[in-house]
2 protein chains.
Amino acid sequence: MPEKRRALSNAAELERRIPKAVIKRLSLYSRVLQNLEIAQREKVSSRELAAQLGLNSAQVRKDLAHFGQFGVPGLGYYVADLRRNIKGILGTDRGVRLALVGVGNLGSALLSYGGFQRQGFQMIAAFDSDRRKVGSSRAGVAIHDVGDLSRVIRVERVDIAVLAVPVDHAQGVCDSLVDAGITAILNFVPAYLAVPDHVKVHYVDLSIEIESLSYYLR
Amino acid sequence: MPEKRRALSNAAELERRIPKAVIKRLSLYSRVLQNLEIAQREKVSSRELAAQLGLNSAQVRKDLAHFGQFGVPGLGYYVADLRRNIKGILGTDRGVRLALVGVGNLGSALLSYGGFQRQGFQMIAAFDSDRRKVGSSRAGVAIHDVGDLSRVIRVERVDIAVLAVPVDHAQGVCDSLVDAGITAILNFVPAYLAVPDHVKVHYVDLSIEIESLSYYLR
DNA sequence: TAGATTGTTAATCGATTAACAATC
DNA sequence: TAGATTGTTAATCGATTAACAATC
């Protein structure tokens, strides 16, 4: 007779148990730790970490405790050590490979923005359907025909797709991405994407952010 | 002897009682309703609304019930009517006025993006400290000197500031915005902003989104 | 050692979902 | 009327915070 509950054996199972909000904060911690490291700080307490992010110190300790014991009672956390651990947990220590789909207004902006490269992510390829763009490059990234999506994504071993196509093409392109084996999508298109369970979509939606801010205007 | 609890008398008090997540979804409903209206649909059920956004129908009904009774049992919601109501609640029916601070890579992109204007928001002014940019305009928006921040923001009655300055200027500029009377900030800078209680900040942080996606790669 | 801060448990708070009587 | 769908209550689920013994 099998035990009622298997041990946490693999990443997929472990994921389910870590709240999404914790993962988001993990990258915030990582950034603060980077700054502390630059400032040559050796140690930091959960209290200070929390203060720098407007959080509660118990929350910081609890978040980290999900993944192990990183701190020293009475002392705090060693900055460099904790940072390395968090990068390992997030998987950002192994050069995550990105591709952009849709080199329009917003897409171009994202390419020239450069904020991605800076954090150790690599923008490997871009895709568009416009004949005039295909074959050229923007900010050092080659623009391919969307027809080659599947092939290029496999060959270049792309981890995450950044979606910035016109709204009426979003679901179709999304389906192609999933077919090509993509499991993580950063979606800038103001549309809900239906995807299988194993695919993770994060939404960045500028007008939704503005609209909900409007509500709070006195 | 005063009653233990005053009635919900003003917006500030009402706000506290409406969960933030509900407000975010309200703008999502608004967008779906816009599409339904374009498609000439007269009515829609909470079930369909939910399906189009990957939500639960009970959640849709409960969200809307926070603000009144908009539906008809057995029938659903009238598309145009519900949309009008939601826009009223969000306050997006009265031309929200925006200003951009920081016309660098990302800032320029946001100006030419145009996604804001399209949804009925008005980009009124931009600010930068670079002499070469000040006095010119981008995408039809005049670029002012940050020194004139306070004056222009008051004169132009700006509702929401969009922040896209270099990270080490973020808190300083944020303080100026608050001094100028701004109560809502959309922050693209990867930094936590300390603000008084009456000011609402929304964060859009691209590298945090990518980092947390990385975690979910198999 | 005395002081500080962790990791963890219990208490609180908030948000989501299921279920169903009321209503059209 | 019969069928459908709302608004709302109760149950569940998940996330945050307070408190403190254990530890350096």
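Lettering of chains follows the sequences in order, A, B, ..., and the numbering in each one begins at 1. Quick caveat, the model's predicted, so the values are computed rather than measured.
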Novice: How long is the line joining CG of A:Leu55 and P of D:dT16, in whole Å?
Specialist: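 Interatomic distance, CG of A:Leu55 to P of D:dT16: 9 Å.
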Novice: Starting at the 5' end of DNA chain D, write a dot or bracket for each base, bracketing those in Watson-Crick or G-U wobble pairs whose two distances are under 3.5 Å and using | for partners on another strand.
Specialist: ..||||||||||||||||||||||
Novice: What is the distance from atom CG of A:Leu213 to atom CD1 of B:Ile160, rounded to the nearest 0.5 Å?
Specialist: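 Reported to 0.5 Å precision, the distance equals 5.0 Å.
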Novice: Can you tell me how far C1' of D:dT6 sits from CZ of B:Phe67, to the nearest Å?
Specialist: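 The answer, rounded to whole Å, is 18 Å.
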Novice: For A:Leu75 and for B:Pro73, find the nucleotide of DNA chain D with the closest heavy atom, then tell me which residue's nucleotide is more 5'.
Specialist: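 Looking at the nearest nucleotide for each, B:Pro73 comes out on the 5' side.
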Novice: Round to a whole Å and report the spacing from NE2 of A:His66 to C1' of C:dT9.
Specialist: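 For the pair A:His66 NE2 and C:dT9 C1', the rounded distance is 13 Å.
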Novice: So which one's nearest nucleotide on DNA chain D is more toward 5', A:Arg61 or A:Ala21?
Specialist: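 Between the two, 5'-proximity favours A:Ala21.
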Novice: Without decimals, in angstroms, what is the distance between B:Lys24 NZ and C:dG14 P?
Specialist: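 One finds 18 Å between P of C:dG14 and NZ of B:Lys24, rounded.
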Novice: If you measure from CD1 on A:Ile23 to CD on B:Glu211, what distance do you get to the nearest 0.5 Å?
Specialist: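 Between A:Ile23 CD1 and B:Glu211 CD, I get 11.5 Å after rounding to 0.5 Å.
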Novice: Between P on D:dA19 and NZ on A:Lys62, what's the gap in Å once rounded to a whole number?
Specialist: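 Whole-Å distance recorded here is 16 Å.
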Novice: Look at the side chain of B:Ala58 and decide which nucleotide, out of D:dG7, C:dT17, D:dA18, has an atom nearest to it.
Specialist: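 Of D:dG7, C:dT17, D:dA18, C:dT17 is nearest to the side chain of B:Ala58.
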Novice: Under 3.5 Å, side chain of B:Ser212 to main-chain N/O of B:Ile208, donor-acceptor pair present?
Specialist: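 Yes.
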Novice: So, is B:Gln69 close to the D:dT8 phosphate, meaning a side-chain N or O under 4.0 Å from OP1 or OP2?
Specialist: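 Yes, such a contact exists.
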Novice: Let's go through B:Leu186 and B:Leu98 carefully: what are the C-alpha distance in whole Å and the side-chain angles of both, what is the deciding distance for side-chain contact (heavy atoms from CB on, under 4.5 Å) to 0.1 Å, and is it a yes or a no?
Specialist: CA-CA 10 Å; B:Leu186 183 57; B:Leu98 312 178; over 6 Å; no
Novice: Among C:dG7, C:dT16, D:dC24, which is the nearest nucleotide to the side chain of A:Tyr77?
Specialist: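 For the A:Tyr77 side chain, the nearest candidate turns out to be C:dG7.
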Novice: Where along residues 27-51 of chain B does a heavy atom fall under 4.0 Å from DNA chain D?
Specialist: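 Result for residues 27-51 of chain B: B:Ser45, B:Ser46, sorted by number.
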Novice: Rounding to a whole Å, what distance do you find between B:Asp81:CG and D:dT6:C1'?
Specialist: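 For the pair B:Asp81 CG and D:dT6 C1', the rounded distance is 15 Å.
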Novice: Walk me through whether A:Tyr215 and B:Ile89 qualify under side-chain contact (heavy atoms from CB on, under 4.5 Å).
Specialist: CA-CA 7 Å; A:Tyr215 176 77; B:Ile89 293 164; 4.0 Å; yes
Novice: Can you list the steps and then say if B:Asp175 with B:Gln171 is a side-chain hydrogen bond (donor to acceptor under 3.5 Å, both in side chains)?
Specialist: CA-CA 6 Å; B:Asp175 294 344; B:Gln171 186 64 59; 2.9 Å; yes
Novice: One pair to check against side-chain contact (heavy atoms from CB on, under 4.5 Å): B:Leu206 and A:Leu110. What are the steps and the verdict?
Specialist: CA-CA 10 Å; B:Leu206 305 186; A:Leu110 291 170; 3.8 Å; yes
Novice: I need the CZ-C1' distance between A:Phe70 and D:dC24, as an integer number of Å.
Specialist: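 Spelled out: CZ on A:Phe70 to C1' on D:dC24 is 18 Å.
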Novice: Please determine whether a side-chain nitrogen or oxygen atom of A:Tyr78 lies at a distance below 4.0 Å from atom OP1 or OP2 of D:dC24.
Specialist: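 Negative; the distance criterion is not met.
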Novice: Pair B:Leu36, B:Gln52 - check side-chain contact (heavy atoms from CB on, under 4.5 Å), show working.
Specialist: CA-CA 11 Å; B:Leu36 289 169; B:Gln52 291 214 26; 4.0 Å; yes
Novice: With sequence neighbours excluded, tell me which residues meet side chain to side chain contact (heavy atoms under 4.5 Å, CB included) with A:Pro73.
Specialist: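 If we apply the side chain to side chain contact (heavy atoms under 4.5 Å, CB included) test to A:Pro73, skipping adjacent residues, there are no hits.
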Novice: Starting at atom NZ of B:Lys20, determine the distance to atom P of D:dG14, rounded to an integer number of angstrom.
Specialist: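 Distance, rounded to whole Å: 20 Å.
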